[in-house]
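A quick write-up on the structure given underneath.
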Amino acid sequence: MSRDLHPAVAGAQPFQRAEREHIEGPIFETAEGRDRLEKILTRYPVKRGALLPLLHFVQEKKGWISADDMVEVAAVLDLTPAYVHSIATFYTMYNKHPVGRHLVQVCTCISCHLHDGDAVLERFLQETETREGEMSEDGKFTVIEAECLGACGFATVVQVNDEYYENVRPETVPEIVQELRDR
Amino acid sequence: MGYPHSHDLETTTLLSRYIGDPEAKTLSGWLERGGYETLRQALVMSPDDITTVVKDSGLRGRGGAGFPTGLKWTFMPRDSGKPHYLCCNADESEPGAFKDREIMRWTPHLLIEGCMISARAIGAQHIYIYVRGEFFPVSRVLNEAVVEAYEAGYIGENIQGSGWSCDLTVHLGAGAYIAGEETGLMNSIQGNRAEPWMKPPFPAQSGVFGMPTTVNNVETLATVPMIVDNGSDWYRQWGTERSPGTKLWCCSGHLKRPGNYELELGIPLKDVIYEVCGGIPDDRALRAVIPGGSSTAFLTGDELDCSTTYEGLAEAGSALGTASPIVMDESTCILSAMRRIAQFYAHESCGQCVQCREGTSWVTKILRRIEEGDGRMQDLDTLYELCEQLTGRTICVLADSVVFPLRSSLDKFRDEYEAHIKTNSCTAT
Ligand SMILES: Cc1cc2nc3c(=O)[nH]c(=O)nc-3n(C[C@H](O)[C@H](O)[C@H](O)COP(=O)(O)O)c2cc1C
Ligand code: SF4
Ligand code: FES
C-alpha cells in the first residue's frame, strides 16, 4: 500500500506508531526505503530538504533512530553524520533511544496545567510503573511530559503514538493504560 | 466537545461553516458545497487583482502578529525570474491555540483552495504546508485531501486547463515550537535546525532555499477564498475598520464550554467568556485571563470590557495574538501558572541568543524557587531586571514573549508573589 504513496505526502506519514518493523541493516536499501527516498527527493530543490522526512521514515519503521541510522541517512543525502546528529537532537520528537510500544506524551502546559495535567502525568507513571522517559520492563510503555499539544480546549491532552486522547482526568488513566496494555 | 457548539450569542459561521460536517472532508463533499469554485474564478484573475481584493478586505495575518496579508503579498518581487514559494504555517504550538487543527481536520480542501489562490497571487510554483509533527491525526486527513486534489487537477500541472502549474508538499515538523517562527520554519524545511535568522533578508527577498517566499498562517489562507469570492466590502461588513471580519477563538482553561468559536471581531471579551463559553464552572469568580495565547499579557477580572479586536486588546495592555483566551478562576495560583508558562519558553528557546537561552531558564528557576517557598524579596527585582534583558535584544521575539505575561503578572498580582515569598502561602482561594 505504502508503495502507492503520492510524492506530495510521502514525507509526511505519521512517524510514531505502535507497529514497528525489525529491519536489520540499511533501511534505504529495502524496496520501500528506496521508493520513499526517491519520492521525497522530488519535493525539494536541494537534497538536504529531505532530511527531516527521511528521519521520520526511519522512526516510522523502527520506532527510534540509532547512530547507525543517522550514518546511513547522512550517506544518502551527502551530509556528515555529525550534521544529521545535530538535527536529530534538536527536534524533540526524534527518539534517540528505544521507546516502549506505546509512547505516552502527557501535556502539562498551561491549559492542561489548569486541568490537573501534572496529576495525570503522575498517574500514568504510577500505572505503568516507570519513571519519566524510561521504558517499562515489558517494553510496552514510555511516558514523557510534553509541551502544548495544540488541543488546549480539551485538556488534559495526552498523545499515545499517533493518536490523541482528550479530556483525560487522573481517574480515567488506569482504564486507558489497561486498554493499551491489552492491545 | 461536540459540534456545532451551541451557545447564546449569535456567531458568524463563515470560516467554520463546515466544521463538524464529516462530508466536507472529502473532495466530492467539498465540491457539493461549492468547493474549488473560487479557485476557478482565481485562475482567470490576474495575480494583482487577487492581491488587491485581499488588501482591500483588510485581512490581517492570523498567526499572531496581525500583519496585513495583502500588503505582505505585495512585497513579493514581480519578474524575478526565480522560483517563488508559499509556506503555510501549520505549526500551531502557541499554548492556548488549537484553531488551525480544526480547520485542517474538518475542512482540508478549504485550506488547499486558499493555498492555491494565494500561491497564484504571489506567483509561487511550490507550496509547503508545514504541519507540526504531533498532528498525526490531522495530517492523515490533510494528506488524503491533497492526493484527491492532485488527482482531480486542482494541484499540479496545468491546473484545470489554465496553463498555470503549482505543486504542494506536506512537510511534517518534528517537535519544536520555534519552527513556528517564520524564518525558523523555512530553515526547518531546508533540513536545518529550526533556528530563526536575523532579518533582513526578509522572506520575500530571500526565503526558503534562498528564493522569494511568503509565509502565512492556516487560518489566514483559509479565509482567502471567501474574500476573493465575495469581495472586500462583503468581508468588511463584520468587525471594525482596523480589525475586519471574523476570527476563530480558541477558548481554554476554566470554562463551562471551552472550544473553538468563530466570532465577529469586536465583541467584548467579557461576552466571549460569559456568553459564548458559558462562564466559569460552578460560577466561581474569574481571577485572570490571558486573552491571546501564552505570549500575551494577563488581564484581571476588572479588565474584561475591552473589545476583542487588535486595537481593543492592545489598548487594554494585552494583545489579540492568536485569539486564545486562557481563563483562570479564583482557585488558580498565578505564580504556579506563570512558572509553567516560563517553563515552556525555557524549553522551547532555540538557544542562539544568550539573553533568551539563559534568561528564560533563570525566570523559570526563580519562579520555581519562590513556588517551593525559598523565595526572597530581591527575586522580584531580578525578575523585573530579566524582563528588561529579554526585551528587544534577540533574533526573534520568543524572548519578548515570556515578558508580556511575566511583567503583567508581577504588576497585577504582586500580592500573590509577596505572599509566597513572605509567608509561603497563596492568595488563591
Ligand atoms: C516564537 C514564535 C512562534 C510562532 N509560532 C507560530 C505558529 O505556530 N503558527 C503561526 O502561524 N505563526 C507563528 N508565528 C508567527 C510567524 O512568525 C509568522 O508571523 C506567521 O506565520 C505569518 O503568517 P500570517 O501573516 O498569516 O499571520 C510565531 C512567531 C514566533 C516569534
Ligand atoms: S530569541 Fe530565543 S528562540 Fe529566538 S532566536 Fe534567539 S534564542 Fe532562539
Ligand atoms: S496546553 Fe495542553 S494541549 Fe495546549
Side-chain angles (χ1 to χ4, degrees), chain A residues 5-17 40 43-56 59 77 79 83 86-88 90-94 105 107-115 117-118 146-155 157 159 161-164 166-167, chain B residues 1 83 92-98 100-101 126 131-137 139-140 142-143 146-147 150 155 167-177 188-194 209 211 250-255 258-260 290 294 324 326 328 332 336-337 340-341 344 347-348 350:
Chain A
L5 272 184
H6 193 286
V9 301
Q13 299 302 305
F15 59 87
Q16 188 67 52
R17 297 182 176 173
I40 291 170
R43 311 309 287 187
Y44 302 91
V46 296
K47 269 184 160 179
R48 181 183 293 195
L51 179 49
L52 268 67
L54 292 196
L55 291 173
H56 297 350
Q59 187 154 314
L77 293 181
L79 299 167
Y83 184 78
S86 82
I87 299 300
F90 182 89
Y91 294 95
T92 53
M93 286 178 71
Y94 294 132
Q105 311 195 54
C107 177
T108 63
C109 201
I110 183 66
S111 302
C112 294
H113 169 87
L114 297 172
H115 285 280
D118 299 291
E147 290 298 341
C148 177
L149 290 167
C152 325
F154 317 101
V157 182
Q159 180 169 24
N161 297 326
D162 52 1
E163 280 177 85
Y164 270 50
E166 298 173 347
N167 302 310
Chain B
M1 286 293 298
E92 182 153 84
S93 6
E94 165 101 344
F98 51 102
D100 299 341
R101 176 175 104 121
H126 203 120
V131 184
R132 68 174 294 183
E134 290 86 347
F135 277 176
F136 294 133
S139 56
R140 267 192 217 108
L142 181 64
N143 286 353
V146 167
V147 174
Y150 252 108
I155 316 176
D167 279 305
L168 186 154
T169 299
V170 183
H171 185 100
L172 278 189
Y177 167 65
S188 188
I189 293 174
Q190 293 172 179
N192 299 335
R193 292 182 294 276
F209 303 113
M211 299 302 160
C250 316
C251 307
S252 71
H254 298 136
L255 288 170
N260 269 296
I290 303 184
S294 69
S324 309
I326 304 168
M328 305 178 195
T332 310
S336 154
R340 189 61 190 81
I341 292 172
F344 169 80
H347 185 265
E348 299 298 336
C350 82

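Order of the sequence lines sets the chain letters (A, B, ...), proteins ahead of strands, with each chain counted from 1.
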Output for pair (A:L52 CG, B:Q190 CD), nearest 0.5 Å, gives 11.5 Å
For B:A97, which atoms come within 4.5 Å of any heavy atom of chain A: side chain, backbone, both, or neither?
backbone
For the residue pair B:R132 and A:C148, what are the closest heavy atoms and their distance?
NH2-O, 2.9 Å
Heavy-atom cut-off 4.5 Å, strictly under: side chain, backbone, both or neither for A:A10 against chain B?
neither
Work out which heavy atom in A:Y83 is nearest to a heavy atom in B:G191; give both atom names and the distance.
OH-O, 3.0 Å
Interatomic distance, CD@A:Q13 vs CG@B:L172, rounded to 0.5 Å, equals 8.0 Å
For B:I189, is it the side chain, the backbone, both, or neither that has a heavy atom closer than 4.5 Å to a heavy atom of chain A?
both
Expected output: side-chain B:N143 to main-chain A:A12 donor-acceptor under 3.5 Å
yes
For A:A151, is it the side chain, the backbone, both or neither that has a heavy atom under 4.5 Å from a heavy atom of chain B?
both
Between the CZ atom in A:R43 and the NE2 atom in B:H126, the distance rounded to the nearest 0.5 Å is 5.0 Å
Quick one: pull up CD1 in B:I290 and OG in A:S111 and give me the separation to the nearest 0.5 Å.
8.5 Å
Which atom of B:A194 lies closest to which atom of A:F90, heavy atoms considered:
N-CE2, 3.3 Å
Under 4.5 Å from any heavy atom of chain A, what part of B:E348 do you find: side chain, backbone, both or neither?
side chain
Given that the side chain runs from C-beta out, which part of B:Y150 has a heavy atom under 4.5 Å from chain A: side chain, backbone, both or neither?
side chain
Indicate yes or no: at least one non-hydrogen side-chain atom of A:I110 is less than 4.5 angstrom from one of B:F344.
no
Turns out that what part of B:R140 lies under 4.5 Å from chain A's heavy atoms comes down to side chain
First locate atom SG of A:C152, then atom CD of B:E92, and finally report the distance between them rounded to the nearest 0.5 Å.
8.0 Å
Plane angle bin for B:F136 and A:F15 - parallel if under 30°, tilted between 30 and 60°, otherwise perpendicular
perpendicular
Is there a donor-acceptor pair under 3.5 Å between the side chain of A:R48 and the backbone N or O of B:N192?
no
Would you give the length of the straight line joining atom NE2 of A:H113 to atom CE of B:M328, rounded to the nearest 0.5 angstrom?
8.0 Å
Just by distance, with hydrogens left out, do B:S188 and A:Y91 show a side-chain donor and acceptor under 3.5 Å apart?
yes
